[in-house]
Amino acid sequence: MESVRWIIDGYNLIRREPRLSSVERRQGSAAARAFLDGELSRFRARKGRGHSVLVVYDGGAASARTQVASGFQAIYSGKNHTADLVILDEARKLEGRMAVRVVTSDVQDIGGRLRGLQVSVYSTHRFAQELWPAGSPDFEEEKPKPPKGRDVDFWLREFGEEPDSEA
């Protein structure tokens with residue numbers, strides 16, 4: 001079985017894909033991250049043991065890492081780095097050891113910087129088709145089901161953030 005590491009620019013995906021951007025607009029970035037992380041955990045489980053997923057978000061505490069589930073990680077780039085730099089560094093480290101698939105809307109920029117490496121670059125649109133394949137139960141819905149209060153609170157605590165007391 002081939003080992004595949006998916007490295008995803010989280011905010012690129014959130015802001016380019018309607019299912020995710022609508023959650024961000026209605027409920028904020030934390031809710032969109034929680035929703036995406038849940039979707040990526042299910043994606044990883046569907047793909048099987050040979051696949052692992054790393055989603056990188058801009059900002060946050062330096063070297064903040066959270067292991068959410070087996071084969072899935074969400075990290076923040078830290079104050080002095082961008083998600084792009086973390087993604088490039090991770091792809092270079094893993095190149096040649098396993099199949100690496102980088103997901104970003106910055107295909108020209110990151111793709112150019114990865115040129116010559118054995119790394120596949122997926123646009124956010126192309127990856128969304130992998131994440132939500134046609135025929136999946138909720139694929140036809142116009143709007144995604146937003147995470148419920150307890151789910152959002154759980155994921156916020158998982159990622160070291162306190163839920164809003166207003167919600």
Side-chain angles (χ1 to χ4, degrees), residues 1-25 28-60 63-78 81-136 138-139 141 143-144 146-147 155 158-159:
M1 171 173 35
E2 179 186 37
S3 292
V4 178
R5 178 67 156 182
W6 294 87
I7 306 172
I8 300 163
D9 188 321
Y11 284 126
N12 277 190
L13 190 55
I14 286 171
R15 296 198 173 121
R16 299 282 182 173
E17 288 308 309
R19 288 178 186 220
L20 300 166
S21 61
S22 67
V23 172
E24 184 179 39
R25 277 191 311 276
S29 293
R33 288 191 308 269
F35 180 69
L36 176 57
D37 292 347
E39 293 294 298
L40 292 173
S41 289
R42 285 186 284 284
F43 168 78
R44 207 283 322 151
R46 205 170 55 243
K47 287 293 192 178
R49 288 185 176 202
H51 290 253
S52 63
V53 174
L54 170 66
V55 60
V56 183
Y57 296 106
D58 284 303
S63 72
R65 288 186 176 264
T66 302
Q67 181 78 27
V68 175
S70 179
F72 173 79
Q73 285 182 308
I75 65 171
Y76 293 85
S77 64
H81 293 88
T82 64
D84 288 357
L85 291 175
V86 174
I87 290 166
L88 290 165
D89 185 49
E90 187 75 12
R92 287 179 181 126
K93 279 193 266 184
L94 296 174
E95 191 256 343
R97 295 181 22 211
M98 64 179 55
V100 177
R101 297 181 181 154
V102 173
V103 178
T104 180
S105 62
D106 299 332
V107 174
Q108 296 290 341
D109 180 41
I110 288 182
R113 292 162 75 183
L114 290 174
R115 193 166 288 126
L117 297 179
Q118 295 174 346
V119 173
S120 300
V121 180
Y122 279 56
S123 69
T124 53
H125 178 71
R126 179 178 175 197
F127 179 71
Q129 292 172 334
E130 292 260 345
L131 186 59
W132 297 297
S136 66
D138 66 350
F139 188 75
E141 289 184 17
K143 293 183 180 179
W155 286 109
E158 277 294 306
F159 290 106

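Closest heavy-atom contact between A83 and S77: N-CB, 3.6 Å. The minimum heavy-atom distance linking S3 with M98 is given by the pair O-CB, 3.5 Å. The two atoms that bring A91 and V102 nearest to each other are CB-CG2, 4.1 Å, heavy atoms only. Listed here is the closest heavy atom pair of L94 and V100: CB-CG2, 3.7 Å.
Side-chain contact of R5 with S52: a donor-acceptor pair under 3.5 Å is present, judged by distance alone.
Taking the side chain as every heavy atom from C-beta outward, R101 and V4 approach each other to under 4.5 Å.
The residues E130 and K47 are annotated as salt-bridged, a charged nitrogen and a carboxylate oxygen being separated by less than 4.0 angstrom. Classification of R33 and D37 as a salt-bridged pair fails, no side-chain N sitting under 4.0 Å from a carboxylate O.
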Next on the checklist: Does E90 form a side-chain contact (heavy atoms from CB on, under 4.5 Å) with L54? I'd like the steps, not just the answer.
Outcome noted: CA-CA 9 Å; E90 187 75 12; L54 170 66; 3.7 Å; yes

Item to check | Working for side-chain contact (heavy atoms from CB on, under 4.5 Å), residues I75 and V86 | outcome: CA-CA 9 Å; I75 65 171; V86 174; 3.7 Å; yes

Next on the checklist: Run the side-chain contact (heavy atoms from CB on, under 4.5 Å) test on L20 and L13 for me, step by step, so that the C-alpha distance in whole Å, both residues' side-chain angles and the decisive distance to 0.1 Å come before the verdict.
Outcome noted: CA-CA 8 Å; L20 300 166; L13 190 55; 3.7 Å; yes

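Not counting sequence neighbours, the partners of Y57 by the ring pair (Phe, Tyr, Trp, His ring centres under 6.0 Å) test are Y11, Y76. R126 pairs by the salt bridge (charged side-chain N to carboxylate O under 4.0 Å, His left out) definition with nothing, not counting sequence neighbours.
Summarising the geometry, atom CZ belonging to F127 is positioned 10.0 Å from atom CD belonging to E17; distances are rounded to the nearest 0.5 Å. Atoms OG and CZ, on S41 and R44 in that order, are 8.5 Å from each other to the nearest 0.5 Å. Expressed to the nearest 0.5 Å, how far OG1 of T104 lies from OH of Y122 amounts to 14.5 Å. Between the CZ atom in R19 and the CD1 atom in I14 there is a gap of 14.5 Å [rounded to 0.5 Å]. To the nearest 0.5 angstrom, L85 atom CG is 9.5 Å from D58 atom CG. One distance of note links CG of L40 with CZ of F35; it measures 10.0 Å at 0.5 Å rounding.
Few gaps surround CZ on R15; more than 12 heavy atoms of other groups in view lie less than 6.0 Å from it.
Relative ring orientation between W6 and H51 is described as parallel, the plane-to-plane angle staying below 30° on a 0-90° scale split at 30° and 60°.
A donor-acceptor pair is defined here as one N or O able to donate and one able to accept, closer than 3.5 Å; no such pair exists between the side chain of R42 and the backbone of R46.
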